[in-house]
Visitor: 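This is the structure I want to talk about, given as structure tokens.
When a ligand or atom number is given, it counts from 1 through the structure's own listing order.
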Amino acid sequence: MTASAGCVALVMAAGKGTRMASDLPKVLHEIAGEPLLGFVLARLAELRTAGHLDRAVVITGHGSDRVRAYLGRRWPDVADVLQEPQLGTGHAVMQARPVLEGFEGSVLILNGDVPLLETATLEAMLGAHAGEQAELTFLTAVMPDPTGLGRILRDEEGRVVRIVEHKDATPGERAITEINVGVYLASWPALSRAIDGLSTANAQGEYYLTDAIAALVGSGARVASHMLVDWTQTVGINNRAELVAAGALWRQRRAAYWLERQVTIEDPATTHLGPEVCLGPDTVIEPFTQIYGRSATGRGCRVGSQTRLQDVQLGDGVGVRSSDLADAVIGAGTQVGPYARIRDGVDVGEGARIGNFVELKKVVFGDGAKAAHLSYLGDATVGAAANIGCGTVTCNYDGELKHPTTIGAGAFIGTNNTLVAPLVVGDGAYTAAGSTLTRDVPEGALALGRAQQVVKEGWVARRHALSRSATRTP
Ligand code: UD1
Ligand code: CA
């Protein structure tokens with residue numbers, strides 16, 4: 001499908017987003033826990049996996065430090081170029097010249113603020129472009145309310161003539177409902193020549209990328225348009241009302257996507273799924289659930305009401321109820337919650353149990369191990385089938401440094417233990433309820449670390465007798 005000379009994506013993300021009225025660059029505003037830019041990059045990653053794309057370049061400008069920090073953290077393979085100052089979408093594309101020096105292939109250009117496009121739509125557009133042997137193909141849609149968008153002007157035969165921006169359009173042109181989505185596929189040499197001739201003689205005093213279309217048509221190049229019937233994929237975000245409305249559309253669309261793929265989303269309106277989230281067959285997602293980042297579930301999972309997963313991998317048959325998990329791997333058949341908190345690099349084995357009010361931070365938790373209630377385990381390793389009694393706390397922090405706790409396989413930690421790290425409890429060892437442990441416990445030993453109980457027989461009667469005699473002597 002892709003020309004042999006290759007295909008590079010350019011994502012325009014340098015604009016100020018004035019209408020967001022925000023300190024945050026527009027493309028970093030979030031839907032389902034992911035910046036708008038991440039939605040576009042997630043789809044491009046899929047195109048790349050399918051072999052349609054060689055690489056992606058993001059054009060940054062306004063708030064470029066923050067945009068680049070996000071790219072570095074989440075998309076280290078994606079390059080960026082700086083557009084400074086920001087003189088319009090045509091000017092944005094000009095900035096890619098140095099990175100595309102001598103490139104003879106095609107460029108897929110996308111607005112960074114159009115988040116809901118599906119991969120299949122982009123693939124269809126790539127197919128149409130190849131089929132038409134066009135120099136440039138762009139996406140259009142018919143909008144119920146096209147206000148603010150670029151309109152498509154066609155001749156009597158229906159051929160594209162040019163795009164007119166809303167601000168430059170006459171009342172007659174504004175009546176046109178076919179709009180420019182902001183996605184273009186073009187031969188780079190042809191487009192590069194066309195953007196040379198752009199001017200800023202328009203209502204916004206900007207270099208419009210959209211004017212390159214009239215220039216190409218004028219030079220006799222083949223320009224094709226690809227109309228997307230489902231306009232809801234094409235919404236662009238220019239203000240907070242549009243951001244929130246697009247979020248609602250996304251939840252609906254994404255639920256529909258997963259419902260077609262053997263997943264039950266019980267309440268699409270309250271289920272927030274990031275663009276890279278992957279759900280296994282026969283998984284059930286209960287209402288009021290957020291699954292973000294690069295999270296995935298296996299087969300037959302149940303992710304419960306009021307749960308938030310951020311970058312979490314669940315094995316097959318995992319159940320999570322009313323819990324907050326971030327940066328964790330949970331093995332098959334393990335049950336988590338309600339009210340568990342798991343964070344910062346946790347690896348839980350298979351068939352384990354992390355119960356109510358249990359917090360795990362940087363923990364490796366073995367197969368079949370259990371921490372059923374009210375515990376904090378930090379910087380710890382727990383062996384297979386170990387049992388962590390209710391109220392157990394690892395004292396991992398001395399005020400300056402963090403120290404590790406290691407609990408062996410099959411160990412039994414009694415209720416309400418205070419484990420002062422660094423500490424090792426050997427395989428199969430027992431520790432008595434209520435112990436404060438400061439020294440290692442060898443394999444197979446019993447450790448008692450609590451004050452000896454003292455029983456004073458008849459003490460209450462003696463106390464009462466004493467207090468009676470005290471009140472009689474004034
Ligand atoms: C643009 C299109 C319009 C289309 C609409 C679809 C132009 C001139 N107009 O209008 O035809 O209907 O998108 O949503 O292209 N950007 C830069 N550098 C700049 C200016 C913008 O990188 O100097 C980026 C923005 O960050 C944004 C994208 O380009 O991601 C679109 O810019 P925006 O100003 O939102 O264009 P629209 O007015 O929405
Ligand atoms: Ca826009």
Visitor: Considering the heavy atoms of Val181, write down every atom of ligand 1 situated less than 4.0 Å from one of them.
Guide: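 Heavy-atom distances to Val181 below 4.0 Å select 6 (C), 14 (O).
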Visitor: When you measure from atom 30 (O) of ligand 1 to every protein heavy atom, which one gives the shortest distance, and what is it?
Guide: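 Sorting protein heavy atoms by distance from atom 30 (O) of ligand 1 puts Met12 O, 2.8 Å first.
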Visitor: Is it the side chain (CB and beyond), the backbone, both or neither of Leu87 that lies under 4.0 Å from ligand 1, heavy atoms counted?
Guide: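 Just the backbone.
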Visitor: What protein heavy atom sits nearest atom 26 (O) of ligand 1, and how far away is it?
Guide: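 Checking every protein heavy atom, the shortest distance to atom 26 (O) of ligand 1 gives Gly15 N, 2.8 Å.
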Visitor: Any salt bridge linking Asp282 with Arg299? Criterion: basic side-chain nitrogen under 4.0 Å from a carboxylate oxygen.
Guide: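 No, this pair does not count.
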Visitor: I'd like to know if the side chain of Asp327 reaches the main chain of Gly345, judged simply by a donor and an acceptor atom lying under 3.5 Å from each other, with no hydrogens or angles considered.
Guide: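 Yes.
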Visitor: Could Arg73 and Tyr70 be counted as a cation-pi pair, given that NZ or CZ must be under 6.0 Å from the ring centre and within 45° of the axis?
Guide: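 No, Arg73 does not lie over the aromatic ring of Tyr70.
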Visitor: Please work out the angle at the Ca ion (ligand 2) defined by atom OD2 of Asp113 on one side and atom OD1 of Asn238 on the other, rounded to 10°.
Guide: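 OD2 of Asp113 and OD1 of Asn238 make an angle of 90° at the Ca ion (ligand 2), to the nearest 10°.
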Visitor: Do ligand 1 and Gly150 have nitrogen or oxygen atoms that lie under 3.5 Å from each other?
Guide: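 Right, the criterion is met.
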Visitor: Pick, from Glu165, Met143, Lys167, the option with the minimum heavy-atom distance to atom 2 (C) of ligand 1.
Guide: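 Residue with the shortest heavy-atom distance to the ligand atom: Glu165.
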Visitor: So between Ile213, Leu139, Asn111, whose heavy atom ends up nearest atom 13 (O) of ligand 1?
Guide: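 Checking each option, the heavy atom nearest atom 13 (O) of ligand 1 is found in Asn111.
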Visitor: Could you tell me, atom by atom, which parts of ligand 1 come under 4.0 Å of a heavy atom of Tyr208?
Guide: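 Under 4.0 Å from Tyr208, ligand 1 has these atoms: 8 (C).
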Visitor: Give the numbers and elements of all ligand 1 atoms closer than 4.0 Å to a heavy atom of Gln83.
Guide: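 Atoms satisfying the 4.0 Å criterion: 17 (C), 18 (N), 19 (C), 22 (O), 23 (O).
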Visitor: Only one of Asp379, Asn396, Thr394, Asp398 passes side-chain hydrogen bond (donor to acceptor under 3.5 Å, both in side chains) with His403; say which it is.
Guide: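 Checked Asp379, Asn396, Thr394, Asp398 against His403; only one passes side-chain hydrogen bond (donor to acceptor under 3.5 Å, both in side chains): Asp398.
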Visitor: Which of parallel (below 30°), tilted (30 to 60°) and perpendicular (above 60°) describes Trp250 and Phe39?
Guide: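 Plane angle over 60°, so perpendicular.
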Visitor: If we set the cut-off at 4.0 Å for heavy atoms, which region of Lys26 has an atom near ligand 1: side chain, backbone, both, or neither?
Guide: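 Under 4.0 Å from ligand 1, Lys26 contributes side-chain atoms alone.
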Visitor: Hey, which atoms in ligand 1 end up nearer than 4.0 Å to a heavy atom of Leu149?
Guide: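 Answer for ligand 1: 5 (C), 6 (C), 12 (O), 14 (O).
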Visitor: Taking atom 36 (O) of ligand 1 as the reference point, report whether a protein heavy atom occurs under 4.0 Å from it.
Guide: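 Protein heavy atoms within 4.0 Å of atom 36 (O) of ligand 1 - there are none.
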Visitor: Does some non-hydrogen atom of the protein lie less than 4.0 angstrom from atom 11 (O) of ligand 1?
Guide: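 Flag for atom 11 (O) of ligand 1 set to true, protein heavy atom closer than 4.0 Å.
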Visitor: Going by heavy atoms in the side chains, are Thr307 and Asp324 under 4.5 Å from each other?
Guide: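 Counting from C-beta outward, Thr307 and Asp324 never come under 4.5 Å.
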Visitor: Classify the ring geometry between His272 and Tyr292 as parallel (under 30°), tilted (30 to 60°) or perpendicular (over 60°).
Guide: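 His272 vs Tyr292 ring planes: perpendicular.
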Visitor: Provide the number and element of each atom of ligand 1 under 4.0 Å from a heavy atom of Asn180.
Guide: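 So the atoms of ligand 1 that pass are 2 (C), 3 (C), 4 (C), 5 (C), 6 (C), 11 (O), 12 (O).
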Visitor: The Ca ion (ligand 2) to Asn111: any N/O/S contact under 3.0 Å?
Guide: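 No.
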Visitor: Trp258 ring centre to Arg253 NZ or CZ under 6.0 Å, with the angle to the axis within 45°?
Guide: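 The answer is no; the distance or angle limit is not met.
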Visitor: Does NZ or CZ of Arg341 fall inside the cone over Tyr339's six-membered ring, less than 6.0 Å from its centre and within 45° of the axis?
Guide: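 Cation-pi check for Arg341 and Tyr339: fails.
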Visitor: For Asp113, take its heavy atoms, then give the atoms of ligand 1 lying under 4.0 Å from any of them.
Guide: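 Contacts of ligand 1 toward Asp113, numbered from 1: 27 (C), 30 (O), 35 (O).
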Visitor: Can you check whether Arg343's main-chain N or O pairs, donor with acceptor, with Gln310's side chain at less than 3.5 Å?
Guide: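 Checking the backbone N and O of Arg343 against the side chain of Gln310, no donor-acceptor pair under 3.5 Å is found.
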Visitor: Is it the case that Arg154 and Ser225 place a side-chain donor and acceptor less than 3.5 Å from each other?
Guide: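 Short answer, yes.
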Visitor: Return the residue, atom name and 0.1 Å-rounded distance of the protein heavy atom closest to atom 38 (O) of ligand 1.
Guide: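 The closest heavy atom on the protein side is Arg19 NH2, 3.9 Å.
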Visitor: Report the member of Ala14, Gly17, Gly88 with the shortest heavy-atom distance to atom 19 (C) of ligand 1.
Guide: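 Nearest heavy atom to atom 19 (C) of ligand 1 lies in Gly88.
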Visitor: Which of the numbered atoms in ligand 1 are under 4.0 angstrom from any heavy atom belonging to Ala92?
Guide: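 This gives 17 (C), 18 (N), 22 (O) as the contact atoms.
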Visitor: Please identify which atoms of ligand 1 are closer than 4.0 Å to at least one heavy atom of Asn238.
Guide: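 Those qualifying, in numeric order: 35 (O), 39 (O).
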Visitor: Is a side-chain N or O of Asn239 found less than 3.5 angstrom from the main chain of Arg19, in a donor-acceptor match?
Guide: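 Checking the backbone N and O of Arg19 against the side chain of Asn239, no donor-acceptor pair under 3.5 Å is found.
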Visitor: For atom 32 (O) of ligand 1, what's the nearest protein heavy-atom neighbour? Residue, atom name and distance, please.
Guide: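 Atom 32 (O) of ligand 1 sits closest to the protein heavy atom Thr89 CG2, 3.9 Å.
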Visitor: Could you walk me through whether Glu286 and Ser305 pass side-chain hydrogen bond (donor to acceptor under 3.5 Å, both in side chains), step by step?
Guide: CA-CA 5 Å; Glu286 296 176 0; Ser305 177; 5.2 Å; no
